[in-house]
Amino acid sequence: MPREKLCLMRFGFSFCVPYIIQLIIALSSAPCEANRHLLTIASHRGMAGEATLRYAKRDAERLRDVLLQLGGVQPAHAVALVDPSPGDVRQALRTLGRGRVKPGDALLIYISGHMDSQAIHLGPERLSFKEIFTAARTTSALVRVFMLDGCRSGALTRKGLRRSGPVRLIRPRPHPAQGELILTSSAPGEDALESSRLAGSFFTHYLVTGLRGAADGNHDGKVTVEEIFRFAHDRTVYATAGSPTGSQHPSFRLDMAGSGVFALSEQRKGTKEGAQLKVVRPQAGVAYLLNGKTGYLEAELSLAQRATLVVPAGSYRLRIATAKQVREASLELQPGSVLALDRVATRSIPLIALIRKGEGDRQRRPHVAWDLEAGIAALHGFGPLWGARVSASLEWRSISLSLGLSYGYACAANEFIQFDLHQLGLAAEITHPLSLGPLLLSFGLSLEGLALLEQFNGTRRGVETGGGRASMAVALSPLVRLALPVGSHWVPALSLRGRVLLGLQSGVRFAPTLGVGAGWVF
């Protein structure tokens, strides 16, 4: 080999060696990617006297889904227990402690079910939180997060919020967060509430919505433990303010050290397989995202400030609600898609249409109404008919079925005798709604059975006279009702019935009635 080439190789090797050594040192000193382990426990059955929960499993599945998508949890590191025994939970915790959780990993435990201040109720048995916490603390997890959705769970956080000061570092690089976080759905002595509209609990719903990005207060693409608690607490308190038991107050205890910030979710982790909903231009209102197949409310997002929500791809119904109106659109979200909410073409719908479409698993809603009516009496010779009507109905998305009772009074008189007509009706109705901007037009048919009681009394030729007779009739009535919803429940309405009376001795008679009244949708 020529001497010049050998000298050049030696020079190049001596020049590169220091950089290679620095690269090896840097790689060896770089922290390994920590794993996140998730254990979800859903228990529907409680102890004697406790009602069976309906949505514990769904709550656990929703939380698991968002942590798999955005929380850095791998499917192999997620364990789900449904209606387990205390032995099942102990076995799962032992498995986590026997080397599955490595030093530096994070352990997330979510529990949904009946609870008291000391234990979770797994059917007729109790498993103490002290035992669960102790088992979790014996693992090698650097960070432990407990999320408890159940009654009276706030007793576990009575020490309140506590955050340790930052650790003094020898190296300039950040030290990872370490310690423990306890999130509970209620304060000591409070009940945790489920909602059929959400098909789940209020606390877990806002926990999941916040982790999808709604809780990202500083818009850095991450949801930290402080941000998720603040969001879940405020939204849960607001949503449960009108419940019979009063507001539900989630609790928070943080005992964490280190200069690093522990994020429970990062939006960038789910942008490839999920879809992004963005608020580009802030405006008044709230966006609600409903599952296109089940109708369940999956997430919601305030439009008052810039924000990004990451959701699974699929079919949804988007509703944007303001103080004056509600607008709706159907969405087909594709993986990796980005959608600006202010650019979605929506149509206006009346509030009563929202009720007809139902929320959650409630496919129909009860409705009661009362009306004052004026019209034409069923029998010839009588003056105007004055009356009232009370009805109860079930409202589906496209039809309503009603059963109503009506009473009407009409009279007639000559110089000798006063005639009174009492008209009692029982009607079955079927109607179909049609949206007209803020108004709702319903039209259909009514089949009504009428009991007619005629009474007369007076003096004729100096002799007191009186008596009466009863008869029956059937009315087939085209029906039109115009309603203007006020709020979510109160519904003033104007109705017109074109009664066609059959079975009368005088033959067929047309006797329309006009009604004005109001209804209440539950």
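Atom set for the values below is all heavy atoms of this structure, side chains included, hydrogens, waters and symmetry mates excluded.
Side chains of E328 and T346: no donor on one and acceptor on the other come within 3.5 Å.
By the 30° and 60° cut-offs, the orientation of the rings of F133 relative to F146 is tilted.
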Worked check of salt bridge (charged side-chain N to carboxylate O under 4.0 Å, His left out) between R497 and E429: CA-CA 11 Å; R497 299 169 188 275; E429 301 174 356; 2.5 Å; yes
side-chain hydrogen bond (donor to acceptor under 3.5 Å, both in side chains) assessment of D149 paired with S185: CA-CA 5 Å; D149 192 349; S185 62; 3.2 Å; yes
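The salt bridge (charged side-chain N to carboxylate O under 4.0 Å, His left out) check on E131 picks up R90, with sequence neighbours excluded. Residues that satisfy the salt bridge (charged side-chain N to carboxylate O under 4.0 Å, His left out) test with R126, not counting sequence neighbours, are D116.
Using modelled atom types, no side-chain atom of S337 and backbone atom of L333 make a donor-acceptor pair closer than 3.5 Å. Between the side chain of Q69 and the main chain of V66, no donor-acceptor pair closer than 3.5 Å is present. Looking at S302, its side chain does come within 3.5 Å of a backbone N or O of A304 through a donor-acceptor pair. A donor-acceptor contact shorter than 3.5 Å is absent between the side chain of E125 and the backbone of L122. Remark: the backbone N or O of R306 is paired with a side-chain donor or acceptor of H219 at under 3.5 angstrom. Between the side chain of T271 and the backbone N or O of R268, at least one donor-acceptor pair lies under 3.5 Å.
Atom-to-atom distance recorded for L68:CG and H77:NE2 is 11.5 Å, nearest 0.5 angstrom. In this structure, L339 CG and T308 OG1 are separated by 11.5 Å, a value rounded to the nearest 0.5 Å. Separating the CD atom in E448 from the CZ atom in R389 is a distance of 5.0 Å, to the nearest 0.5 Å. The CG atom of L211 lies 6.5 Å from the CG atom of L63; values are rounded to the nearest 0.5 Å. Taking OG1 of T209 as the start and OH of Y288 as the end, the distance is 11.0 Å to the nearest 0.5 Å.
With respect to the salt-bridge test (charged N to carboxylate O, under 4.0 angstrom), the residues R212 and E298 do not qualify.
Other residues, nucleotides and ligands contribute over 12 non-hydrogen atoms within 6.0 Å of the CZ atom of R94.
Here the rule is side-chain hydrogen bond (donor to acceptor under 3.5 Å, both in side chains) with D83, and of K57, R45, H44 only H44 fits it.
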